[in-house]
There are 2 protein chains.
Amino acid sequence: MSEATEKRVRSRRLSGGGVKMVDVARLAGTSTQTVSRVLSRPELVADDTRKLVEQAIRELNYIPNSAARLLASSVSHIVAVIIPSLSATVYAQEVHHIVRVLEEHSFSVVIGHSDYSELREERLVQSFLERRPDGFILTGTQHTDLTRQLLRNSGVPVVETFDGDNAAMDMSVGFSNLEAGRKVAELFLSRGLTRIAYVGGRSDQDFRSNARFEGLQSRLAEAGLAPVARIELTLPMPAGDGVRGLDQVLAIDPLTQAIFFSADTLAISALLECNRRGMRVPEQLAICGFGNYDFADAIVPALTTVAVPFEQIGVLAANAILARLDGSVQGPSQTVVPLQLLRRGSA
Amino acid sequence: MSEATEKRVRSRRLSGGGVKMVDVARLAGTSTQTVSRVLSRPELVADDTRKLVEQAIRELNYIPNSAARLLASSVSHIVAVIIPSLSATVYAQEVHHIVRVLEEHSFSVVIGHSDYSELREERLVQSFLERRPDGFILTGTQHTDLTRQLLRNSGVPVVETFDGDNAAMDMSVGFSNLEAGRKVAELFLSRGLTRIAYVGGRSDQDFRSNARFEGLQSRLAEAGLAPVARIELTLPMPAGDGVRGLDQVLAIDPLTQAIFFSADTLAISALLECNRRGMRVPEQLAICGFGNYDFADAIVPALTTVAVPFEQIGVLAANAILARLDGSVQGPSQTVVPLQLLRRGSA
DNA sequence: TATTTTTGTGTTAGCGCTATCAAAAGGAGT
DNA sequence: ACTCCTTTTGATAGCGCTAACACAAAAATA
């Protein structure tokens, strides 16, 4: 921001409302301390005084300054949330519920996008720490050393989400991507399918997709099989990438019998493309998605997929922060939410 | 938060890092003012001094306290965004781009959900004002009187989004819902369809859907027609509501020839249901959606819909705030982004 | 050389609030 | 009446930073 800007901003702000606690105190005929108490611990103030103060607050349209409060009390009532991107529905869903729960407890949520980059995440953590948040909610367990160090030093409660396979820094709320992969392998095997492919995000970007692939691979290995192809798409993956993934798989092995897509959006667009091409699903090609997306059961055939309780993850993550803050829970914790394989028409 | 909580939070915070600007100044052998300058206007500091200070900052892992900065300078670098809900893709998209643009200019975004309620919006505005944001981005132009008054008093730049039909408080970035409705009516009329229904949100919740309906209705009226049905669904509307809307329309008039759905999610689930029931689209029933959702052109038949540049709205809204803050733009402004009717298979 | 201007840095006084302690007022017990 | 508590309120001193000015040193000008 330019020098001129700062000036302009300040003068605007000063000219605006500008009612302070002293003004309220004066009008109510009390000290600022009493006003402060009415706001934060009204039970300590006599009823008559409290009403007087509340009246003055209303009359003056007084709005407390949270910066001054934070400075004096070191409580910000802010929770910082960093996700890869809000344009992926799963994260938007998660954040929705985080915001919902935290709003009820009068915490504000600040949001940042890591864009699937640890380095961007690090920068965000650094910048968010300036606001002295009371909690951090991150995605995944992959972070730079500096990120870890900064968070540890700050002493802020941290929840890592979406990864139930790896050790967390502090608290974690996730699901087992490994298990998801194994479940899908299990399903394909039970149908006697052997030529199985995987389509997911680039392995250097999408660590949780890697775990799903590993789960798939390990279960196949136990049956003496190996995936016929693994396609890596650059993040973020628009729905249309599903068709590209499908084509790449078929280019590698035209006789592929089953594909596990790391996201329902990909699976759905691939499935619809199969319909258009007259490729029969699941007879000719079985398709399994991940996430139980909105339209997964509306299309024909309905999409077989792994249901993940993303909303629940958001709620639990928010609650984990709250529980730590009010002291009802002390140490680290790891919560793993259950997955459900939804067997429908496509596999 | 309980009394015990506050104590715990404070003691945690005090024990944490706790490096302040004086510590940096001491180590660098300068005054705090010089450190402050290195952070905010490094060009004013001699190269040697600057390096010394930067070194000290790194060595101590110093992280500035934005609350103290705000208190002293009245610039928060926060923009508050209030949307109905993050679980609706359109708003998630918008917010994604708001966050993206503002992050680049080192602004933080705090998010709140109005849940389609003016009263909740009012409460959020009140609570966000405590953080002294440098800007507000709201959804729609429908607000309580107190909301307007608070915002006006605060002097903060405000952008209202998604509504290009009504007058804005300050700045606005939206599209004409009215025009959208008229465009769709035009399309149906050009196909010779006369029995036309509308499915959207409840009229006391979804004001922008109301405008779309009015557009539809007014254009039909010009042709001497009237909608055969208007279905109002309670928000938020999950995709499955599309089928309910479809059923309600057919219950009122089984001979309905065309339906305009106020959101693609509804239209898509209705269209897929028609396929399942063997109802031919568009011959038997034409369907038009709104929003050009992800899978709109992947289904069969492809969904005819109104494309709205939601991303662009996010970008423009963020830029409007930034432009106002750096003084390059002064007064109120209204930006109306263009809509595009995408004629595809379903209508 | 004397004088002005520019550049770089330090000093001081808050920003608006809360923690902490002090103290006054009222009530209960002896 | 007296002490001892409880309840309620106020005075004071920061929280960590920056704006505004003051001032010294260096550079430019006369």
Side-chain angles (χ1 to χ4, degrees), chain A residues 1 3-11 13-14 16-26 28-53 57 60 62-77 129-132, chain B residues 1 3 6-11 13-14 16-26 28-53 57 60 62-77 129-132:
Chain A
M1 216 194 272
E3 179 176 350
T5 308
E6 306 277 349
K7 281 250 181 53
R8 199 161 298 104
V9 171
R10 168 167 5 288
S11 68
R13 192 52 46 72
L14 286 181
V19 180
K20 311 174 222 175
M21 200 175 262
V22 248
D23 303 321
V24 176
R26 197 156 355 187
T30 69
S31 70
T32 61
Q33 195 45 238
T34 300
V35 177
S36 171
R37 270 190 285 257
V38 168
L39 258 36
S40 53
R41 314 156 97 265
E43 71 278 9
L44 293 183
V45 179
D47 274 17
D48 294 350
T49 321
R50 189 171 43 67
K51 277 173 194 148
L52 230 55
V53 170
I57 288 176
L60 296 174
Y62 169 64
I63 295 183
N65 183 325
S66 66
R69 176 179 294 160
L70 165 53
L71 202 54
S73 74
S74 28
V75 177
S76 66
H77 274 221
L129 277 174
E130 299 189 3
R131 311 224 175 255
R132 302 294 187 264
Chain B
M1 216 195 273
E3 179 177 347
E6 306 277 351
K7 281 250 179 57
R8 200 161 297 103
V9 172
R10 166 153 336 79
S11 68
R13 193 51 48 74
L14 287 180
V19 181
K20 310 173 225 175
M21 199 174 262
V22 246
D23 303 321
V24 175
R26 195 154 0 181
T30 68
S31 70
T32 61
Q33 193 46 238
T34 301
V35 177
S36 171
R37 272 190 283 254
V38 168
L39 289 168
S40 53
R41 318 166 85 263
E43 72 277 9
L44 294 183
V45 179
D47 273 17
D48 294 350
T49 323
R50 190 171 43 67
K51 277 174 194 148
L52 230 55
V53 171
I57 288 177
L60 296 174
Y62 169 65
I63 294 182
N65 184 324
S66 65
R69 175 178 296 160
L70 164 53
L71 202 55
S73 74
S74 28
V75 177
S76 66
H77 274 223
L129 277 173
E130 299 189 3
R131 309 220 176 259
R132 303 294 188 264

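Throughout, protein chains are lettered first and strands after them, A, B, ... in sequence-line order, and every chain is numbered starting at 1.
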Where B:V19 and B:L60 come nearest, the two heavy atoms and their spacing: CG2-O, 3.6 Å
A:I63 to B:R132 - nearest heavy-atom pair and separation: O-NH2, 2.8 Å
Taking the side chain as C-beta and beyond, is there a heavy-atom pair between [X] and [Y] under 4.5 Å?
| X | Y | answer |
| --- | --- | --- |
| A:R69 | A:H77 | no |
| A:R50 | A:D47 | yes |
| A:M21 | A:P64 | no |

Atom pair distance, as rounded to whole Å: [atom1] in [X] and [atom2] in [N]:
| X | N | atom1 | atom2 | result |
| --- | --- | --- | --- | --- |
| B:L71 | C:dT18 | CG | P | 12 Å |
| B:E130 | C:dC17 | CD | C1' | 12 Å |
| B:R132 | C:dC15 | CZ | P | 14 Å |
| A:D48 | C:dG26 | CG | C1' | 15 Å |
| A:K51 | D:dT8 | NZ | P | 13 Å |
| A:M21 | C:dA19 | CE | C1' | 13 Å |
| B:R50 | C:dT7 | CZ | P | 16 Å |
| A:I63 | C:dG16 | CD1 | P | 14 Å |

Contact under 4.0 Å: B:Y62 side-chain N or O vs D:dC17 OP1/OP2: yes
C:dG10 phosphate, OP1 or OP2, under 4.0 Å from B:S31 side-chain N/O: yes
Residue B:V45, side-chain heavy atoms: nucleotide from C:dC17, D:dC17, C:dT9 that is nearest: C:dT9
Side chain of A:A46 - closest among D:dT8, D:dC17, C:dC17: D:dT8
Residues A:D23, A:R26: salt bridge by 4.0 Å N-O rule: yes
Side chain B:S40, main chain B:S36, donor-acceptor under 3.5 Å: yes
Sugar-phosphate only, base, or nothing, as touched by B:S40 at under 4.0 Å among non-hydrogen atoms: nothing
Whichever of A:R69 and B:G29 has its nearest DNA chain C nucleotide further upstream toward 5': B:G29
Interface residues of residues 32-39 of chain A with DNA chain D (non-hydrogen, below 4.0 angstrom): A:Q33, A:T34, A:R37
